[in-house]
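Right, one structure below, let's go through it.
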Amino acid sequence: MSEERFPNHEGKRVPDVTFAIREGDNWVSKKTSDLFAGKNVVVFSLPGAFTPTCSSTHLPRYNELAKVFKKHGVDDIVCVSVNDTFVMNAWGLNQEAANITLLPDGNGLFTEGMGMLVDKSDLGFGKRSWRYSMLVKDGVVEKMFIEPDLPGDPFEVSDADTMLNYIAPEAEAQESVSVITKPGCPHCARAKSLLAEKGIDFEEIVLGRDATLTSLTAISGRTTVPQIFMGGKHIGGADDLESYFA
């Protein structure tokens, strides 16, 4: 990694910037102090909304681990990208981002102040952010994970698991859980209720909206719902889930 190209800001304050944010029909100005003062905040920055790695992995994993971060003293998780607020808002609706504050750095001022503004004109992107993450305490950067200065878009150290391991090495992240359901299914409701009682977060995949019967059969080998998957293991239906917890 080139320290000259990508400076490490550990021990320094984050840039003093005002962000223009669209909330509903209103424009809202938020300052750096509004976001960081008196708080422990995890920040991750990425090249752009709707881009492949950002949408498939970087953002969803931070969202998935948000409760674990909160348990270990993190007040907010902020995603920064050099995009306008309309793009960031649309991306948030499209993605698993309910637990993330999406911060539009439309003019690139915050990113430039961090020394992370790079030229991606070869892709038609213009100026964008290099990929990195940091832990900010009361506006001061405690720790940064900066992706290595390599061609393309490296994604090796700014991920959610690396940051969580720094903050709480002993933390055990919940295994990923998915439940395939269909509307009006009482057994699906029973399975979801049981998972909720156990405090287990899950992603619901609804037949007819998110998947088809063909997908259900191909993945689970069954044609009935619900079908529950935990950490890559097929648990089965609602009765199987009860037996699993028993």
With rounding to the nearest 0.5 Å, note down the distance linking OG1 in T101 to NZ in K30. 7.0 Å

Quick one: are Q174 and I200 in side-chain contact, heavy atoms under 4.5 Å? yes

Could you measure the distance from the CD atom of E64 to the CZ atom of R61? Nearest 0.5 Å is fine. 4.5 Å

Residues passing the ring-ring contact (aromatic ring centres under 6.0 Å, His included) test with F245, sequence neighbours excluded, are none

Distance from I205 atom CD1 to S215 atom OG, nearest 0.5 Å? 9.0 Å

Are I235 and I180 joined in one hydrophobic group, where the rule is that I, L, V, M, F, W and Y side chains link up if heavy atoms are under 4.5 Å apart? no

Of all residues at least two apart in sequence or in a different chain, which pass the ring-ring contact (aromatic ring centres under 6.0 Å, His included) check with Y244? none

Scan residues 205-238 for pairs that pass ring-ring contact (aromatic ring centres under 6.0 Å, His included), counting only residues two or more places apart or in two chains. F229-H234

Hey, any chance I77 and V157 share a hydrophobic cluster, counting ILVMFWY side chains that come within less than 4.5 Å of each other, even indirectly? yes

The single option from R131, R128, M144 that satisfies side chain to side chain contact (heavy atoms under 4.5 Å, CB included) with M116 is M144

Using the rule that two of Ile, Leu, Val, Met, Phe, Trp, Tyr join whenever any of their side-chain heavy atoms come within less than 4.5 Å, decide whether V17 and V136 are in one cluster. yes

Hey, could you give me the CZ/CG distance between F69 and D75, rounded to the nearest 0.5 Å? 13.0 Å

Show your reasoning for whether side-chain contact (heavy atoms from CB on, under 4.5 Å) applies to V82 and K127. CA-CA 8 Å; V82 183; K127 301 290 186 180; 5.6 Å; no

Where the side chain of E147 meets the backbone of E156, is there a donor-acceptor pair that is under 3.5 Å apart? yes

Qualifying ring-ring contact (aromatic ring centres under 6.0 Å, His included) pairs, either residue in residues 130-180, two or more places apart: F6-W130, H58-F155

Whether N107 side chain and L109 backbone form a donor-acceptor pair below 3.5 Å: no

Just wondering, are more than 12 heavy atoms of other shown residues or ligands nearer than 6.0 Å to CG in D122? yes

Pair up each side-chain donor or acceptor in residues 34-52 with any protein partner under 3.5 Å, not counting sequence neighbours, and list the distances.
| from | atom 1 | to | atom 2 | distance (Å) |
| --- | --- | --- | --- | --- |
| D34 | OD2 | K31 | N | 2.8 |
| K39 | NZ | D34 | O | 3.3 |
| N40 | ND2 | G73 | O | 3.1 |
| S45 | OG | V80 | O | 3.1 |
| S45 | OG | S129 | OG | 2.7 |
| T51 | OG1 | G48 | O | 2.5 |

Would you kindly confirm whether I21 and I100 end up in one hydrophobic cluster when ILVMFWY residues are joined by side chain heavy atoms under 4.5 Å apart? no

Suppose we screen for salt bridge (Lys or Arg N to Asp or Glu O under 4.0 Å). Which residues come up paired with K120, at least two apart in sequence or across chains? none

Holding to ring-ring contact (aromatic ring centres under 6.0 Å, His included), I want the full list of residues that pass it with F110, two or more places apart in sequence or in another chain. F19

Hey, what do you get for CZ (R22) to OG1 (T85), rounding to the nearest 0.5 Å? 8.5 Å

Under 4.5 Å side-chain heavy-atom separation, chaining through any Ile, Leu, Val, Met, Phe, Trp or Tyr, what else clusters with F86? Say none if it is isolated. W27

D16, CG: over 12 other non-hydrogen atoms inside 6.0 angstrom: no

Hey, what do you get for CD (E204) to SG (C188), rounding to the nearest 0.5 Å? 7.5 Å

Holding to ring-ring contact (aromatic ring centres under 6.0 Å, His included), I want the full list of residues that pass it with F202, two or more places apart in sequence or in another chain. none

Residues D240 and R222 bridged, charged N to O under 4.0 Å: yes

The test is side-chain contact (heavy atoms from CB on, under 4.5 Å); show your working for C54 and L59 and say whether it passes. CA-CA 6 Å; C54 307; L59 175 64; 5.9 Å; no

Would you mind reporting whether V177 and D201 have side-chain heavy atoms less than 4.5 Å apart? no

List, by chain and then residue number, the residues other than V206 in its hydrophobic cluster (Ile/Leu/Val/Met/Phe/Trp/Tyr, side-chain heavy atoms under 4.5 Å); write none if there are no others. none

Do L164 and I146 land in one hydrophobic cluster if side-chain heavy atoms of ILVMFWY residues count as linked below 4.5 Å? no

Could you pull out all residues at least two apart from S29 that satisfy side chain to side chain donor-acceptor pair (under 3.5 Å)? none

Qualifying residues under side chain to side chain donor-acceptor pair (under 3.5 Å), relative to T53, sequence neighbours excluded: none

